[in-house]
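Below you'll find the structure, written out as structure tokens, and then a few comments.
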Amino acid sequence: MSTQDDEKRIAAHAAAEVVEDGMTVGLGTGSTVAHLLDALAERSLDIRCVSTSVQTEETARRLGIRTESFDVVDRFDVAIDGADQVSPDFWLVKGGGAAHTREKVVASSADRFVVIVDGSKLVERITAPIPIELLQYGFASTVRRLTAHLDGPVVRRDVPVSPDGGVIVDFTGAVADPADLAAAISATPGVVEHGLFGPELVSAVVVASGTEVRWLDATA
Ligand code: 5RP
């Protein structure tokens, strides 16, 4: 029987096949992306990559994958990343690894954003927790205003600040509509970025269930 980690590996290796020599590639963060890095390293491709976290950067370098600063790359042929939740209409929740701000910038800069998940990540509807990165400046005030505006709890996560100095919190209240919630969070001064990724960002979701791999086209 396949484990969740087997499914992550299978989805990651399937998605790695879209990467070709000469491409610029955005690399996400997390345990599924760790399998992607293995798959890319095995193929010894001539590619230029940008990492979304220190963790991905270190693993990529150790595996011999060429990574560059995002200062010298302004677009990607493809970005590949994991997710915490994928809804039937291709809303994502990301940020379980607190890297959603950089991940969203990279996904938005890619011609194709391919999401790699094990079967447990497919959900009927998006639910909390929804990760949010806040400016340190005025943090307590932003939490108070967010809690009032979203009409639900906003809880600081016990993790270090992000590489960009942001504080990570989670909205743990009810999610009636992801689009409305995303708009309400974004409209709150002090918010850097939230982990709701809209369907317009997503090109495809590669999901492994057992040993079966499915490509879900998010652009159809
Ligand atoms: C990190 C993320 C990850 O992609 C997400 O948490 C999934 O992680 P994993 O592949 O370990 O299940 O959004 O910020």
Side-chain angles (χ1 to χ4, degrees), residues 2-16 25-40 49-60 63 70 76 78-87 90-110 112-123 126-134 156-172 175 178 182 185 191-199 201-209 213 216 218:
S2 298
T3 65
Q4 186 180 21
D5 193 55
D6 289 331
E7 292 181 356
K8 291 180 183 197
R9 181 174 41 75
I10 290 166
H13 279 253
V25 182
L27 301 172
T29 292
S31 54
T32 316
V33 167
H35 290 300
L36 172 75
L37 300 179
D38 287 336
L40 293 176
C49 298
V50 169
S51 304
T52 51
S53 64
V54 174
Q55 172 198 338
T56 297
E57 178 80 16
E58 287 177 353
T59 307
L63 291 169
F70 203 2
F76 302 101
V78 64
I80 309 178
D81 201 351
D84 302 305
Q85 300 179 44
V86 180
S87 73
F90 297 107
W91 274 89
L92 311 180
V93 176
K94 290 187 46 55
H100 57 276
T101 298
R102 288 185 173 198
E103 291 170 338
K104 195 178 280 186
V105 178
V106 165
S108 304
S109 308
R112 291 179 75 192
F113 177 44
V114 177
V115 181
I116 46 178
V117 291
D118 63 83
S120 74
K121 305 294 183 57
L122 298 188
V123 297
I126 296 296
T127 56
I130 306 298
I132 311 174
E133 180 168 345
L134 306 181
R156 183 169 186 166
R157 203 188 296 177
D158 187 16
V159 293
V161 295
S162 79
D164 307 300
V167 182
I168 305 299
V169 300
D170 291 294
F171 171 67
T172 61
V175 182
I185 299 172
V191 168
V192 177
E193 193 51 82
H194 57 76
L196 284 164
F197 285 44
L201 282 176
V202 183
S203 303
V205 176
V206 185
V207 53
S209 306
V213 181
L216 309 178

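Index from 1, following the sequence. Order of appearance sets the numbers: ligands from 1, and atoms from 1 within every ligand.
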**Message:** Using modelled atom types and a 3.5 Å cut-off, is there a donor and acceptor pairing between side-chain atoms of Glu7 and backbone atoms of Ser209?
**Reply:** no
**Message:** Just so I know, are the side chains of Ile130 and Val93 near enough to count as touching, which here means a heavy-atom distance under 4.5 Å?
**Reply:** yes
**Item:** Heavy-atom side-chain contact between Lys94 and Gln85 under 4.5 Å
**Value:** no
**Between His13 and Asp38: side-chain donor-acceptor atoms closer than 3.5 Å** = no
**Prompt:** Have Ser53 and Thr29 got a donor and an acceptor in their side chains that come within less than 3.5 Å?
**Reply:** yes
**Option set Ser31, Gly82, Ala99, criterion heavy-atom distance to atom 9 (P) of ligand 1, minimum** = Ser31
**Request:** Specify side chain, backbone, both or neither for Pro131, according to which of its non-hydrogen atoms lie closer than 4.0 Å to ligand 1.
**Result:** neither
**Prompt:** Roughly how far, to the nearest 0.5 Å, is CZ of Phe76 from OG of Ser109?
**Reply:** 6.0 Å
**Heavy-atom nearest option to atom 1 (C) of ligand 1, drawn from Gln4, Lys121, Glu103** = Glu103
**Asked** Are Glu57 and Ser51 close enough that a side-chain donor and a side-chain acceptor fall under 3.5 Å?
**Response** yes
**Fill in**
The protein heavy atom nearest to atom 6 (O) of ligand 1 is Asp84 OD1, 2.5 Å
**Request:** Please determine if Gly95 has a nitrogen or oxygen closer than 3.5 Å to a nitrogen or oxygen of ligand 1.
**Result:** yes
**Asked** For Asp170 and Thr172, does a side-chain donor sit closer than 3.5 Å to a side-chain acceptor?
**Response** no
**Prompt:** Just wondering, do Arg102 and Asp164 contact through their side chains at under 4.5 Å, heavy atoms?
**Reply:** yes
**Complete:** Here the atoms of ligand 1 under 4.0 Å from any heavy atom belonging to Ala98 are 14 (O)
**Message:** I need the atoms of ligand 1 closer than 4.0 Å to a non-hydrogen atom of Lys8, numbered in the order shown.
**Reply:** 9 (P), 11 (O), 12 (O)
**Request:** Identify, for atom 3 (C) of ligand 1, the protein heavy atom at the shortest distance, and state residue, atom and that distance.
**Result:** Thr29 O, 3.2 Å
**Asked** Near Lys94, which atoms of ligand 1 are under 4.0 Å from a heavy atom of that residue?
**Response** 2 (C), 3 (C), 4 (O), 13 (O)
**Request:** Show which atoms of ligand 1 fall inside a sub-4.0 Å distance from at least one heavy-atom site of Asp81.
**Result:** 4 (O)
**Atoms in ligand 1 flagged as close to Gly30, the criterion being non-hydrogen separation under 4.0 Å** = 11 (O)
**Asp118 and ligand 1 - part of the residue with a heavy-atom distance under 4.0 Å** = neither
**Residue portion contacting ligand 1 (non-hydrogen atoms closer than 4.0 Å) for Ala83** = backbone
**Prompt:** So which heavy atom in the protein is nearest atom 10 (O) of ligand 1, and how far is it from that ligand atom?
**Reply:** Thr32 OG1, 2.6 Å
